[in-house]
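Right, one structure below, let's go through it.
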Amino acid sequence: MKTDIEARSEWHPSDPRGWTLDGFEAASAGTQRQQGRSRAEKKAHRNLRVTRRYGASPARVFDAWLDPAVARQWLFATALRPLAQVEIDAKVGGSFCFMDRQEAADITRYTGEYLEIAPPRRLVFTLSMAKDVETRVTVEIAPLAKGCRLTVLHENVPRDHADHMNGRWTGILFGLGATLESASTLFNDDQE
């Protein structure tokens, strides 16, 4: 089986120039609009929180989210379903697109926009997997004496998909750990 893989990005992990939080104000305005929803609408959605510890530095874990060569190994991918396409425009207001191909006609797209990028501690983005369903994901990375603790907060998940998404995030973060352990050559050693 041959899989065509495309990976593009302007991301330069060791180059902090150009990072701004300009998009965060727009994200805050969106959150304020969400707070005005009716109670019935809020009950139809859930917020998920998944936490995991890693032996890698916060910078290395953060970079794994934005480097397409690394992200394609674990983010939305599984051992049985590698990603067919990865596009990452890692800047506030930039977008991403991950596509996996289960069968020739069965394609799943994960798309979103980066709202906040604050290396190496915080990443916020929208996430859409289906038409008319946009959620928000916040990734927080806290340093520990050895390694770091990563917390994913996934907001506005439709209640009927919440259990599946909780399990999916658990699997995704397990994949990140396996990638960090096995793919050390994908990272610059000077980041640790």
Side-chain angles (χ1 to χ4, degrees), residues 3-34 45 47-50 58-78 81-102 105-141 150-158 161 164-165 168-169 171-173 175-176 179 183 186-187:
T3 303
D4 294 325
I5 306 217
E6 180 179 331
R8 292 184 283 175
S9 177
E10 296 294 319
W11 172 244
H12 302 286
S14 58
D15 183 7
R17 291 174 290 155
W19 292 103
T20 65
L21 299 179
D22 296 340
F24 187 68
E25 290 178 19
S28 296
T31 301
Q32 289 170 355
R33 281 190 299 263
Q34 287 179 353
H45 295 84
N47 294 337
L48 308 175
R49 184 180 308 272
V50 180
R60 190 168 171 192
V61 173
F62 184 89
D63 289 347
W65 287 84
L66 299 177
D67 183 327
V70 179
R72 71 170 297 278
Q73 308 258 339
W74 66 275
L75 190 54
F76 306 114
T78 67
R81 290 190 335 227
L83 293 174
Q85 180 179 350
V86 174
E87 295 178 24
I88 295 176
D89 183 14
K91 63 184 180 195
V92 172
S95 62
F96 63 85
C97 178
F98 294 84
M99 288 183 14
D100 76 23
R101 191 175 297 142
Q102 296 176 16
D106 190 10
I107 296 174
T108 303
R109 293 172 53 99
Y110 304 90
T111 60
E113 178 182 340
Y114 295 106
L115 304 174
E116 180 181 355
I117 300 174
R121 59 182 175 75
R122 186 173 162 89
L123 179 65
V124 181
F125 54 90
T126 62
L127 176 61
S128 297
M129 295 169 286
K131 291 182 181 179
D132 301 325
V133 178
E134 184 175 286
T135 60
R136 177 182 164 119
V137 176
T138 302
V139 178
E140 300 264 347
I141 303 170
L150 182 143
T151 301
V152 171
L153 174 61
H154 192 169
E155 299 174 90
N156 200 34
V157 177
H161 296 285
H164 171 74
M165 283 308 304
R168 189 76 171 104
W169 278 116
I172 287 170
L173 296 185
L176 171 57
T179 299
L186 293 174
F187 294 94

**OP:** With the side chain counted from C-beta on, respond yes when Met129 and His161 share a heavy-atom pair under 4.5 Å apart, and no when they do not.
**Re:** no
Subject >> Arg109 side chain vs Ser128 backbone, donor-acceptor pair below 3.5 Å >> reply: no
Original post:
Would a 4.5 Å heavy-atom cut-off, applied to side chains only, mark Tyr110 and Asp100 as touching?
Top reply: yes
Original post:
What closest approach, in Å, do Ala69 and Arg72 show between heavy atoms, and which atom pair accounts for it?
Top reply: O-CG, 3.4 Å
Subject >> Contact summary for Ala90 and Ile117, nearest pair of heavy atoms >> reply: C-CD1, 3.8 Å
**OP:** Kindly compute the distance separating CG (Asp89) from CD (Glu113), expressed to the nearest 0.5 Å.
**Re:** 10.0 Å
Original post:
Under the side chain to side chain contact (heavy atoms under 4.5 Å, CB included) criterion, do Leu66 and Phe96 qualify, and how do the steps go?
Top reply: CA-CA 9 Å; Leu66 299 177; Phe96 63 85; over 6 Å; no
**OP:** Look up atom NE2 in His164 and atom CG in Leu48, then write down how far apart they are to the nearest 0.5 Å.
**Re:** 11.0 Å
Original post:
Any side-chain heavy atom of Val70 within less than 4.5 Å of one from Thr179?
Top reply: yes
Original post:
Quick one: are Ile172 and Val50 in side-chain contact, heavy atoms under 4.5 Å?
Top reply: no
Subject >> Test item: Asn156 and Arg136 side chains (from C-beta on) under 4.5 Å apart, heavy atoms >> reply: no
Original post:
Taking C-beta and beyond as the side chain, do Arg49 and Asn47 meet within less than 4.5 Å on heavy atoms?
Top reply: no
Original post:
So which heavy atom on Phe62 is nearest to which on Leu123, and how close?
Top reply: CE1-CB, 4.0 Å
Original post:
When rounded to the nearest 0.5 angstrom, what distance separates CH2 in Trp65 from CG in Leu176?
Top reply: 7.0 Å
Original post:
Which atom names give the shortest non-hydrogen contact between Ala71 and Phe98, and what distance separates them?
Top reply: CB-CE2, 4.1 Å
Original post:
What heavy-atom pair brings His154 and Trp169 nearest, and what distance separates the two atoms?
Top reply: ND1-NE1, 2.7 Å
Original post:
Which value, rounded to the nearest 0.5 Å, describes the distance between Glu116 atom CD and Thr138 atom OG1?
Top reply: 8.0 Å
Subject >> Distance-minimising heavy-atom pair for Leu115 and Thr126 >> reply: CD1-CG2, 3.9 Å
Original post:
Between Thr151 (side chain) and Glu140 (backbone), is there a donor-acceptor pair under 3.5 Å?
Top reply: no
